[in-house]
Amino acid sequence: MSTFVLIHGAWHSGQCWERVVPLLESAGHRVFAPSLTGYGDRAHLLGPEVGLETHVGDVVRLFREEDLTDVVLVGHSYAGLVISSVANDVPGRIRNLVYLDAMVPEHGETGVDVQPITRHLIEQAERSEHAWRIPPLPELPAPLGLFGVTDPTDVAWLRAMLSDQPVRCLQEPVRLDNPASDVIPRTHIHCVGATPEGITRRPVPAVQPNGSPAQVWELPTGHDCMVTLPEELSELLLKAAV
């Protein structure tokens, strides 16, 4: 049995994994899909003080409270920043890091460094009444949809769970200065469907920090693959756990 911890990206909540969790559990695994501070059942905690370190603390606290070890830690989108700093803090508790269509930072980088288009989103927020928060991205014409989701029923379900993203989450630097985190195997899953203009993806180095060859898989869908291709995603996550 493996333990999966699934961390959602910006604007989302743990609810976005609703179709993946039962598939992993039915395969005999333990699964946690928490909502980070400011989202889902914790949306009331959203405030200008919430940042990347807040979310790192959320996950590290879960690990310690549940005494989680040998974890497959999955970070979607913005949560690539989160799981990187979590691995820096508790490397001995993690079996594998899975970057799911995610930001992949270097030590000291911010979300703005990794995904430059976020600078434009921050500048837009700063010109608004609430300069500390970024509203969810709008739905675009198909095939882009809402984070790659185009089915009208799924779009309505997804939109209902979205919350604003604090600017601080994209401005605080990632910590990757613990050599022990380098030994953790990494898996990269890229969603290679339609991608909005301005979104970039860094090439994955041919060699992982632990010296192993890079492990990169693709899903033929938009960004929110846990909504559009839950079965296919679950198969890859199970493969990553082996």
Side-chain angles (χ1 to χ4, degrees), residues 4-24 31 33 36 39 55 72-84 96-105 111-118 120-121 134 136-159 161-162 165 169-170 185-206 208 214-241:
F4 289 87
V5 176
L6 312 176
I7 307 301
H8 63 82
W11 301 293
H12 291 57
S13 76
Q15 186 184 1
C16 72
W17 303 102
E18 190 174 280
R19 300 174 183 178
V20 173
V21 170
L23 296 174
L24 298 177
V31 186
L36 301 174
Y39 307 96
H55 294 156
V72 179
L73 180 59
V74 182
H76 178 240
S77 195
Y78 152 76
L81 307 180
V82 178
I83 67 170
S84 296
N96 199 331
L97 289 172
V98 179
Y99 290 86
L100 178 58
D101 218 36
M103 296 183 182
V104 185
V112 173
D113 296 320
V114 181
Q115 192 61 257
I117 195 175
T118 58
H120 173 66
L121 300 178
I134 303 170
L137 300 180
E139 182 181 0
L140 299 172
L144 295 171
L146 184 63
F147 297 102
V149 178
T150 57
D151 178 84
T153 301
D154 288 345
V155 167
W157 175 75
L158 177 59
R159 185 183 288 114
M161 81 173 69
L162 300 178
Q165 173 83 350
C169 295
L170 302 170
R186 299 184 178 195
T187 298
H188 300 263
I189 301 175
H190 295 163
C191 298
V192 295
T195 302
E197 184 178 355
I199 300 296
T200 58
R201 177 185 292 126
R202 290 177 169 177
V204 176
Q208 299 185 43
Q215 184 159 268
V216 183
W217 301 326
E218 295 182 348
L219 285 170
T221 189
H223 188 54
D224 277 8
C225 56
M226 71 289 291
V227 178
T228 57
L229 292 180
E231 293 86 1
E232 293 84 348
L233 172 59
S234 297
E235 289 174 4
L236 292 184
L237 295 180
L238 291 170
K239 185 178 176 182

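One is the number of the first residue; the rest follow in order along the sequence. Fair warning: this is a prediction, and the values are worked out from it, not measured in the lab.
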Enquirer: May I ask you to test the Val149-Trp157 pair for a side-chain heavy-atom distance under 4.5 Å?
Expert: no
Enquirer: So, do Trp217 and Glu235 sit near enough that their side-chain heavy atoms are less than 4.5 Å apart?
Expert: no
Enquirer: Are side-chain heavy atoms of Cys16 and Leu6 found at a separation under 4.5 Å?
Expert: no
Enquirer: Let me confirm one number: the CD-CG distance from Glu218 to Asp101, rounded to the nearest 0.5 Å.
Expert: 10.0 Å
Enquirer: Is any side-chain heavy atom of Leu100 closer than 4.5 Å to a side-chain heavy atom of Cys225?
Expert: yes
Enquirer: Going through the distances and angles, do Lys239 and Thr187 end up as a side-chain contact (heavy atoms from CB on, under 4.5 Å)?
Expert: CA-CA 10 Å; Lys239 185 178 176 182; Thr187 298; over 6 Å; no
Enquirer: Evaluate the side-chain contact (heavy atoms from CB on, under 4.5 Å) criterion for residues Tyr78 and Thr118: first the C-alpha distance (whole Å), next the side-chain angles of each, then the deciding distance (0.1 Å), finally the verdict.
Expert: CA-CA 11 Å; Tyr78 152 76; Thr118 58; over 6 Å; no
Enquirer: Measuring from Gln215:CD to Ile189:CD1, what's the distance to the nearest 0.5 Å?
Expert: 9.0 Å
Enquirer: On the 0 to 90° scale, with breaks at 30° and 60°, tag the Phe147-Trp11 ring pair as parallel, tilted or perpendicular.
Expert: tilted
Enquirer: Between Thr195 and Arg201, is there a side-chain heavy-atom distance shorter than 4.5 Å?
Expert: no
Enquirer: Quick one: pull up OG1 in Thr221 and CG in Leu219 and give me the separation to the nearest 0.5 Å.
Expert: 7.5 Å
Enquirer: Kindly indicate, with the supporting measurements, whether the criterion side-chain contact (heavy atoms from CB on, under 4.5 Å) is fulfilled by Ile199 and Ile117.
Expert: CA-CA 7 Å; Ile199 300 296; Ile117 195 175; 3.9 Å; yes
Enquirer: Just wondering, are more than 12 heavy atoms of other shown residues or ligands nearer than 6.0 Å to CD in Glu197?
Expert: no
Enquirer: Exactly one of His76, His190, His188 should register a ring pair (Phe, Tyr, Trp, His ring centres under 6.0 Å) with Tyr99. Which one does?
Expert: His188
Enquirer: Donor-acceptor check, side chain of Gln115 to backbone of Thr200, threshold 3.5 angstrom: yes or no?
Expert: yes
Enquirer: Arg19 vs Asp154, test: side-chain contact (heavy atoms from CB on, under 4.5 Å). Steps then yes/no.
Expert: CA-CA 12 Å; Arg19 300 174 183 178; Asp154 288 345; 2.6 Å; yes
Enquirer: Do Ile134 and Leu170 make a side-chain contact, defined as non-hydrogen atoms from C-beta onward lying under 4.5 Å apart?
Expert: yes
Enquirer: For Leu36, does its backbone N or O pair with a side-chain atom of His8 as donor and acceptor, under 3.5 Å?
Expert: yes
Enquirer: For residues Leu146 and Leu162, determine if any side-chain heavy atom of one lies less than 4.5 Å from a side-chain heavy atom of the other.
Expert: yes
Enquirer: Taking the side chain as C-beta and beyond, is there a heavy-atom pair between Leu24 and Leu238 under 4.5 Å?
Expert: yes
Enquirer: For the CG atom of Leu158 and the CD atom of Gln15, what is their distance to the nearest 0.5 Å?
Expert: 9.0 Å
